[in-house]
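Notes for the one structure printed next.
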Amino acid sequence: MSDQNRRHMALFPIGIVTKLTELTARQIRYYEANHLIQPARSASNQRLFSFHDIDRLLTIKSYIEKGMNIAGIKQVMKMGQAASKSEARSDATDQSEQPRQDLTDVELRQFLKQQIIHRQLGETPLIRGELHRFYQN
DNA sequence: ATTCTGACA
DNA sequence: TGTCAGAA
């Protein structure tokens with residue numbers, strides 16, 4: 001069985017996940033309702049999370065702690081997918097890298113760029129609270 | 001005992 | 001986001 005299969009294998013119920021991620025069941029369900037994650041379901045309609053879902057949630061958690069809301073996280077994570085592909089094409093040297101955690105910085109800058117544009121267009125801010133320190137970059 | 005959905009003094 | 005209800 002390939003590693004990808006194991007990564008996407010539906011394994012743990014929400015109870016385990018809340019302990020693994022420090023997120024409340026409420027939050028986890030809310031993120032699913034907003035399509036940030038798509039955990040599998042058991043025959044009894046119980047959510048079953050994979051390792052992929054887990055670090056996906058951890059990524060979401062870090063963004064939430066940075067003051068981002070669902071709309072913002074959606075954008076950043078979509079860019080993350082696009083970025084990891086283009087990065088794989090440009091970086092011929094890195095053989096075995098860890099894309100996720102490493103991309104977060106690039107994603108944030110890309111995101112902030114959009115933020116500024118949207119604000120000028122009078123759109124609803126995607127960030128809440130103190131994240132203004134990043135505008136210096 | 002756990003989880004699910006819907007709703008809000 | 002918390003939390004409670006009613007059902008599975």
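Order of the sequence lines sets the chain letters (A, B, ...), proteins ahead of strands, with each chain counted from 1. Values reported hereafter were calculated over all heavy atoms of this structure, with side chains retained and with hydrogens, waters and symmetry mates removed.
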Rounded to the nearest Å, what distance is computed from the CG atom of residue A:N34 to the C1' atom of nucleotide C:dT1? 13 Å
I need the CD-P distance between A:E65 and C:dT1, as an integer number of Å. 10 Å
Can you find a pair of side-chain heavy atoms, one from A:T24 and one from A:Q27, that are under 4.5 Å apart? yes
Between A:D55 and A:R7, does at least one N-O distance fall below 4.0 Å, as a salt bridge requires? yes
Any sub-3.5 Å donor-acceptor pair from A:R56's side-chain atoms to A:L36's backbone N or O? yes
Separation of B:dT5 atom C1' from A:I28 atom CD1, nearest Å, is 16 Å
Compare all side-chain heavy atoms of A:F49 with those of A:L20 and state whether any distance is below 4.5 angstrom. no
Length of the CZ-P vector between A:R47 and C:dA8, whole Å: 17 Å
Watson-Crick or G-U wobble partner for C:dT1, using a 3.5 Å limit on both distances? none
Measuring to OP1 and OP2 of B:dC4, would you say a side-chain N or O of A:R29 lies under 4.0 angstrom away? yes
Between A:M1 and A:R6, is there a side-chain heavy-atom distance shorter than 4.5 Å? yes
Of the candidate nucleotides B:dT5, C:dT1, C:dG2, which contains the atom at the shortest distance from the side chain of A:Y30? C:dT1
Would you mind reporting whether A:Y31 and A:I64 have side-chain heavy atoms less than 4.5 Å apart? yes
The single option from A:H118, A:M68, A:Q115 that satisfies side-chain contact (heavy atoms from CB on, under 4.5 Å) with A:Q75 is A:H118
Residues from residues 35-45 of chain A sitting under 4.0 Å of DNA chain B, heavy atoms only? A:R41, A:N45
Nucleotide nearest A:I14 (side chain, heavy atoms from C-beta), chosen from B:dC4, C:dG2, C:dT1: B:dC4
Whole-Å distance, A:K19 NZ to B:dT3 P, equals 8 Å
More than 12 heavy atoms of other groups within 6.0 Å of A:F51 CZ: no
Give a yes or no on whether A:L48 and A:V17 share a hydrophobic cluster (residues Ile, Leu, Val, Met, Phe, Trp, Tyr; joining criterion: side-chain heavy atoms under 4.5 Å apart). no
Pairing partner (Watson-Crick or G-U wobble, both distances under 3.5 angstrom) of B:dC4: C:dG6
Using a cutoff of under 3.5 Å, can you pull out all pairs of nitrogen or oxygen atoms linking the protein to nucleotides 6-9 of chain B, with atom names and distances?
none

Which nucleotide sits closest to the side chain of A:Q46: B:dC4, C:dT1, C:dG2? B:dC4
